[in-house]
Amino acid sequence: MLDPKILRENPDIIRKMLKDRAINFSLDDLIRLDKERRELIIKTDDLRKKKNDIALEIAQKKKSGQDATTLIEQMRQVSETLSGLETVQTRTESEYTKLALTLPNLIHESVPIGKDETANKELRKWGKIPQFDFKIKDHIDISQNLDLIDLERAAKVAGARFYYLKNDLVKINQALIHYALDFLSEKNYVPIQTPYMINRNSMEGAIIANDFEDVIYKIEGADLYLIGTSEHAVASMHSDEILEGKSLPMRYAGVSPCFRKEAGAHGRDQKGIFRVHQFEKVEQFIFSRPEESWKEHEQMLSIVEEFYQKLEIPYRIMVLSSGDLGKISAKTYDLEAWMAGQNSYREIVSCSNCLDFQARRLKIRFRDRTNDQPQYIYTLNSTLVATSRTLVSILENFQTKDGHVIVPKILQKYVGKAII
RNA sequence: GCGGGGGUCGCCUAGCCUGGUAGGGCGUGGGAUUGCUAAUCCCAUGUCCGCAAGGACCCGUGGGUUCGAAUCCCACUCCCCGCGCCA
């Protein structure tokens, strides 16, 4: 949700954003609805004022034993007019909200303009791409040979894009989570394990309408949705709250499984565990002051980079173009890790500044002093590690000639061995 | 799942039976006073509309009754206690 002031005073900023994102949106309808709803507020407020005045008079007359029949009749009429107007108001208000909730976020000026991912810009590369003097395998071959994964039975039991992890791969999976939490704790993040299902209201605060269709699983017969990431549950954690300025920034290390429909991804990354319906993730989530948010954004990214450097996974940092940017984000960096089996860099981290977009939907504000006007907080989120994709990179980059996999040094103490 | 009790403007609480402007305490912020501190006193302290003056809304949520609902009625929800079930 955007600040309605922008809608009234600077709609051209929004028009440009929509053009840069290549999105069709009936902005004029939204502007009209905003105007209508404000006019209705003025009218109904006025009638309520009248009602309050008459109610006061009736109360006084009754107290002093006078007849109030005329006033009561007057009151009845005002009430009737009001309730008619209220029906219109409720409808207008809900139309406005529904539309406003689908309007994407503004775009930061440093974001490259372009229609899709081809316009994303590479900022830097880190690490040496591993060279092999033998014919390398992809993560599926490696893990099936070592009895680390069972995709056929997962397909039988749950369907495509599910997997059983087995043996040491389970331990590496857990090691990644464990190490990630240790790593963020050291940086004073508050570890937090979230509910894995949240209600519609909370979900709507964190994501934008279409995502319900394409990403989010719904629990039948309940107002519950499986989270696509702990971000959804952490963002809504402080909904309807006014936070104390001195508690900022609040940095959380969210940990949870992630559930995703992956609708519309047919044919892409069909094999293995790169694109799956379920994985674990440790996520950075920050509630920040507006003026500190860009500094926090850069810092989150540098924490991510340090993490993959310690894991010894070569990567490159991309800044997403306007056309590829998620609708709730004003600027996003992706970290793409090297995956030897695919001979390419693939996305494993997404690091975004959402400004006040989620905070407005969730009504999360802060203030420094009791009497200050509360202002909307800024929210930022970044993957630290999404297990399944990181496993792909580890399996493929650390494979040996005889078909084994070296455990990255930093994880060895968690796994309990150096090679699997 | 069953029975009982509850949810009031950050926290605690009054008001509910008997419908008529939601009151008090604490905390917090600002100010006054005072060698310092403490104490005391005053003001402020939820949301929305409005340039402002001002106004509307707010008693877990949603309905209903009524001229008028925190208060009466219905449904839902969450919390607490007891019982049941259970990893």
Side-chain angles (χ1 to χ4, degrees), chain A residues 1-10 30-101 193-205 219-225 233 236-248 250 257 287 289 356 359-377:
Chain A
M1 188 115 55
L2 297 182
D3 187 347
K5 271 205 191 107
I6 303 173
L7 197 65
R8 289 163 210 163
E9 291 162 14
N10 271 313
L30 190 65
I31 292 171
R32 175 180 55 80
L33 283 166
D34 177 55
K35 194 162 164 256
E36 281 177 16
R37 67 175 266 278
R38 281 186 297 153
E39 283 166 3
L40 283 164
I41 288 169
I42 292 168
K43 277 188 201 158
T44 52
D45 272 9
D46 206 49
L47 283 172
R48 288 196 194 98
K49 157 90 172 133
K50 206 176 222 169
K51 260 182 86 170
N52 290 342
D53 288 345
I54 300 172
L56 209 65
E57 277 186 69
I58 293 173
Q60 273 163 1
K61 285 220 163 166
K62 289 222 165 181
K63 222 180 238 169
S64 61
Q66 293 175 57
D67 177 61
T69 326
T70 329
L71 283 169
I72 287 174
E73 183 47 40
Q74 210 181 329
M75 183 78 137
R76 190 175 277 131
Q77 279 171 18
V78 175
S79 284
E80 222 165 273
T81 316
L82 178 62
S83 88
L85 218 54
E86 272 173 339
T87 312
V88 181
Q89 187 184 17
T90 310
R91 201 176 52 224
T92 308
E93 202 76 48
S94 87
E95 266 177 59
Y96 168 79
T97 309
K98 202 172 148 204
L99 194 58
L101 281 174
Q193 189 169 328
T194 70
Y196 302 157
M197 300 171 224
I198 61 177
N199 61 33
R200 172 122 200 158
N201 199 41
S202 302
M203 196 59 99
E204 269 178 346
I219 303 295
E220 204 180 325
D223 177 29
L224 287 172
Y225 298 80
S236 45
M237 185 167 61
H238 292 295
S239 57
D240 293 312
E241 290 183 28
I242 296 174
L243 304 171
E244 273 189 71
K246 61 172 182 265
S247 69
L248 301 177
M250 291 164 74
F287 295 94
R289 288 170 187 282
D356 58 355
R360 281 181 185 278
R361 296 167 154 244
L362 292 163
K363 298 192 183 60
I364 311 172
R365 285 157 302 166
F366 76 97
R367 66 177 158 210
D368 287 303
R369 282 182 290 191
T370 315
N371 290 16
D372 286 358
Q373 178 80 12
Q375 45 177 327
Y376 284 104
I377 209 156

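We use all heavy atoms of the structure for the numbers below, so side chains are in, but hydrogens, waters and symmetry mates are not. Below, read A as the first sequence line, B as the second, and so on, with proteins coming before strands; counting in each chain starts at 1. This is a predicted model, so every value here is computed, not measured.
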Which part of the nucleic acid, if any, lies within contact of A:I58, taking any heavy atom under 4.0 Å across all strands shown: a base, the sugar-phosphate backbone alone, or nothing?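 Base contact - A:I58 has a heavy atom under 4.0 Å of at least one base atom.
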Determine the interatomic distance between C1' on B:C16 and the same-named atom on B:G3; round to the nearest Å.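 Nearest-Å result for B:C16 against B:G3 at atom C1': 24 Å.
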Taking atom P in both B:G20 and B:G30, compute the distance separating them and give it to the nearest angstrom.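 The same atom, P, in both gives a distance of 39 Å.
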Let's test this: given Watson-Crick or G-U wobble pairing with both distances under 3.5 Å, identify the partner of [N].
N	result
B:G1	B:C83
B:U77	B:G7
B:A56	B:U47
B:U66	none
B:C41	B:G31
B:C36	none

Specify the residue among A:K51 and A:I42 whose closest nucleotide of RNA chain B lies further upstream toward the 5′ end.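 Nearest-nucleotide comparison on RNA chain B picks A:I42.
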Donor-acceptor pair, distance only, cut-off 3.5 Å: does the side chain of A:D223 make one with the backbone of A:N199?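 Not a single qualifying donor-acceptor pair exists.
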Quick check on [N]: is either OP1 or OP2 less than 4.0 Å from any side-chain nitrogen or oxygen of [X]?
X	N	value
A:R365	B:U47	yes
A:S79	B:U66	no
A:N52	B:G55	no

Can A:E95 and A:K98 be counted as an ion pair, charged N to O under 4.0 angstrom?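 Not counted as a salt bridge, because no side-chain N and carboxylate O are separated by less than 4.0 Å.
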Electrostatic pair A:D45:A:K49 at N-O distance under 4.0 angstrom: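 A salt bridge is absent here (no side-chain N lies under 4.0 Å from a carboxylate O).
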Where the side chain of [X] is concerned, which of [options] is the nearest nucleotide?
X	options	value
A:R367	B:C49, B:A56, B:G46	B:G46
A:I242	B:A56, B:C48, B:G46	B:G46
A:R48	B:C49, B:C57, B:U45	B:C57

Among A:D3, A:D34, A:I31, which residue meets the side-chain contact (heavy atoms from CB on, under 4.5 Å) test with A:R8?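 For A:R8, the side-chain contact (heavy atoms from CB on, under 4.5 Å) test succeeds with only one of A:D3, A:D34, A:I31, which is A:D34.
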For A:E244, does the CD atom have more than 12 heavy-atom neighbours from other residues, nucleotides or ligands under 6.0 Å away?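 Count not over threshold, so no.
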Over how many whole Å does the gap from A:L47 atom CG to B:C57 atom C1' extend?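 One finds 15 Å between C1' of B:C57 and CG of A:L47, rounded.
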What integer distance in Å separates A:R38:CZ from B:C57:P?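 One finds 20 Å between P of B:C57 and CZ of A:R38, rounded.
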